[in-house]
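See below for the structure under consideration.
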Amino acid sequence: MAARERGHWLASRHRGLEHAPGTGRRAHVSDAAPQGRHPARRYPPWWFQSVAPRHAMTRRIVTEASPMPVTPQDDPYYRIRHSLAHVMAQAVLELFPEGKIAIGPPIENGFYYDFDLPRPLTPDDLTAIEAGMRRIIAKDVPFIYREVSPDEARALFRDQPYKLELIDGLAQGLDEYGETHHGDTVISTYRQDTFEDLCRGPHVERTGQLDPEAFKLTGIAGAYWRGNEKNPQLQRIYGTGWANKAELDHYLFQLEEARRRDHRRLGKELGLFHFSDDIGPGLPLFTPRGEIIRHEMERFVRELQTKYGYSHVWTGNVVKESLYKKSGHYDAYRENMFPPMVESEDLVFRLKPMNCPSHMTLYKEMGIHSYRDLPLRFAEFATLYRYEDSGALHGLTRVRALTQDDCHIFCRPDQIEAEFGLALNLIREVLATYKFGDYRVDLSLRGASGKYIADDEAWDLAEGALRSALDHYGVQYREAPGEAAIYGPKADFIARDVLGREWQLSTIQVDFIQPRRLGLEYIGEDNQPHTPVVLHRAVTGTTERFLGVLIEHFAGAFPLWLAPVQAVIIPITDKQQEYAEQVRRRLAEAGLRVEIDTSRDRMQGKIRRAQLQKIPYMLIIGAKEQEADAVAVRMRSGEDLGAIPVAAFVERALQEVRSRA
RNA sequence: GCCUACGUAGCUCAGUCGGUAGAGCACGUCUUUGGUAAAGACGAGGUCACGGGUUCAAGUCCCGUCGUAGGCUCCA
């Protein structure tokens, strides 16, 4: 059903930009059924994969063609987790002897197994299953390997339809995920105790080698057989498994830390935004404090864009539906647009789900363009509206009203490399300011499939330009064949936050197709009309989503320039009220966001509240400070700077704001 | 959209076998005027998401709707 499958030229054109860059949430290594065609990823046990699969899934917006399986070579926990999956399957079958088993691989942090069971599982079942697993472990039975012929395998699993399907695939040289398998296919099984499973291993030698205190079943979820929504939905049980209890505890602690940083929780605690049933799902409301952060974020990108030679345009929020019929979005994107506003049969409007048709229309309306006028860089911070599936909504990171820091660069083919480099620099500066020091770049290229627009010359030109720009700026990148947009290659910037979770933030895409389709032109040196190239580019992606990421990245403790309240004045007694107001006015006039805590609490209470609100500076004012025209500065870190003259504090704070430190 | 669970005061949560609703924080009033993470007392605050149903009686049981959470799918 997806346009991409129909091979429409627009189908993946917006994968990134028109779709909030980075909202793309593709399968993550730990969750979806492995597809087995990605290179193995190596990681130490305490690296960022230590975040729970469930969290990782919602947080890691990494663009992967398909999830990468954990493989025995690169994961010391493979045997433990794979063995736990088998033990769990045995425990489940002991409870449901008629249950059907599907697949159960090890994943980051643990394992899962998919079942087709006569009734839905409940959390109580998990407890019973865990108990069953411990009994099996206590038996200390061996894992026994054997190879079988396809016919033997079919006989062995005659009551297991999912296994039979796997066996048929194996017999045809496919692996267990239906992918082409390299080398000879050997059908093998592992048996422990009463449970024998189709499996290539490896496993631990005996169940007794599994620590009964080092695993935990973490959740029940629906999952489609082989990840295809047309297939029956199975019940998946997730578990986490480690070498010992200390490791499990460490992992659970990290989960707790991730929960503590959850932007939905912090957004509420810090009073930044709300969702309301009266407004609608996926439509966030920003409080005065939340709006300040949005404003500062946009102001920062706007300032930089201006410095880099971008101009800003405004194309509104409502567009005639007919434009999207011309651009092709109507067919490819209709499902994700809010329903039409019908004035008459010939006059139908839509809320704008992406900027590019509007920007390209503006380009045309502005008259005939000379090659000398290019590049034209149209940036915009308009809010777009997309009717996301209800099940896809998630806090600020997946919303139905999203504000992109979007830009369309109209240029000549020979300008692509320079424009790419310009965008690259801009992105690097922005990410550095937000303290995303660790990021990587995926260069998404054409794959073998036929979904790409055929124009080898244009593709080669675009790819060459991207490569040389990346090389020129010394950016390391990983090639991702088959990940390009249909109309051209792109570069996705994947940043890692302080917890090591990855987020696709920025993206730069090269589009040779849409400008042609919408009839854009410029007059070349040869006095002939030419079609410009359009670069789609986003820096932080969308304000909403990036704010969600920032909240988690900073755990709500924003740097001074972003902090909604930069300083709170804490008078020790009522006698300092007047002086406090005087100080407040001086700071406000200097451009600082400052409040006085006028509550009747004692100083300790006011400090506590300011700490919990993660306000960068607490300015304590008592008789001594009033005497000295000073404030006693306590920082959010707990550090006490002692009494500082008001003017000196203003200077210090302004410097910190200006440098966006 | 699909699977499962959840929805009780502004927030975080308790509420047993069906018998007219509870705590802490926040909020208000009063007392306390304080030196770096919570002073004390009193008070107000709920159509138990919404709509049906069963029952003498529903926060509690059943059905539907909406929303949220964790996954799956999607992400053009």
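A, B, ... follow the sequence lines: proteins, then strands. Residue 1 opens every chain.
In this structure, the salt bridge (charged side-chain N to carboxylate O under 4.0 Å, His left out) partners of A:Glu544, at least two apart in sequence or on a different chain, are A:Arg294. Not counting sequence neighbours, the partners of A:Phe115 by the ring pair (Phe, Tyr, Trp, His ring centres under 6.0 Å) test are A:Tyr113. Not counting sequence neighbours, A:Gln233 has no partner by the side chain to side chain donor-acceptor pair (under 3.5 Å) test. In this structure A:Thr573 satisfies the side chain to side chain donor-acceptor pair (under 3.5 Å) test together with A:Gln576, sequence neighbours excluded. Applying the salt bridge (charged side-chain N to carboxylate O under 4.0 Å, His left out) test to A:Lys268 and every residue at least two apart in sequence or in another chain returns nothing.
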Dot-bracket for RNA chain B, 5' to 3', with Watson-Crick and G-U pairs under 3.5 Å, [ ] for crossing pairs and | for other-strand pairs: what is it? (((((((..((((.....[..)))).(((((.......))))).....(((((..]....))))))))))))....
Give each protein N/O atom lying under 3.5 Å from an N/O atom of nucleotides 38-45 of chain B, with the pair distance.
| residue | atom | partner | partner atom | Å |
| --- | --- | --- | --- | --- |
| B:A38 | N7 | A:Arg608 | NE | 3.3 |
| B:A38 | N7 | A:Arg608 | NH2 | 3.4 |
| B:A38 | N6 | A:Arg608 | NH1 | 3.3 |
| B:A38 | N6 | A:Arg608 | NH2 | 2.9 |
| B:A38 | N1 | A:Arg608 | NH1 | 3.1 |
| B:A39 | O5' | A:Arg602 | NH1 | 3.2 |
| B:A39 | O4' | A:Arg602 | NH1 | 3.1 |

Which protein N or O atoms sit under 3.5 Å from an N or O of nucleotides 60-65 of chain B?
none

Identify each atom pair where a protein N or O and an N or O of nucleotides 8-12 of chain B are less than 3.5 Å apart, giving names and distance.
| residue | atom | partner | partner atom | Å |
| --- | --- | --- | --- | --- |
| B:U12 | OP1 | A:Lys268 | NZ | 3.2 |

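Checking A:Arg545, A:His394, A:Glu552 one by one against A:His263, the side chain to side chain donor-acceptor pair (under 3.5 Å) holds for a single residue, A:Glu552. Under the salt bridge (charged side-chain N to carboxylate O under 4.0 Å, His left out) test applied with A:Asp262, the options A:Arg260, A:Arg259, A:Arg264, A:Arg265 reduce to a single match, A:Arg264.
The stretch residues 619-644 of chain A touches RNA chain B through A:Ile620, A:Gly622, A:Ala623, A:Lys624, A:Glu625, A:Ala632, A:Arg634, A:Asp640, each having a heavy atom under 4.0 angstrom from the strand.
Annotation: cation-pi geometry not satisfied between A:Arg400 and A:Tyr385 (NZ/CZ under 6.0 angstrom from ring centroid, within 45° of ring axis). Geometrically, A:Arg236 engages A:Tyr112 in a cation-pi contact, judged by NZ or CZ lying under 6.0 Å from the ring centre and within 45° of the ring axis. The side-chain tip of A:Lys100 does not point at the ring of A:Tyr162 from less than 6.0 angstrom away and within 45° of straight on.
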Determine, for nucleotides 46-52 of chain B in 5'-to-3' order, which nucleotides have protein heavy atoms under 4.0 Å from the base (write B), from only the sugar-phosphate (write S), or from neither (write -). -------
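The side chain of A:Tyr617 contributes no N or O atom lying less than 4.0 Å from OP1 or OP2 of B:U36. Side-chain N/O atoms of A:Ser390 include one lying less than 4.0 angstrom from OP1 or OP2 on B:G1. Residue A:Arg264 has a polar side-chain atom (N or O) positioned under 4.0 Å from OP1 or OP2 of B:G70.
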Show me the donor-acceptor pairs within less than 3.5 Å that the side chains of residues 639-646 of chain A make with the rest of the protein, sequence neighbours left out.
| residue | atom | partner | partner atom | Å |
| --- | --- | --- | --- | --- |
| A:Asp640 | OD1 | A:Gly642 | N | 2.9 |

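In this structure, CG of A:Asp389 is placed 16 Å from C1' of B:G67, rounded to the nearest angstrom.
Ion pairing between a basic and an acidic side chain is recognised when a charged N comes within 4.0 Å of a carboxylate O; A:Arg119 and A:Asp125 show such pairing.
Scanning atom types as modelled, no donor and acceptor separated by under 3.5 angstrom connect the side chain of A:Gln235 and the base of B:C3.
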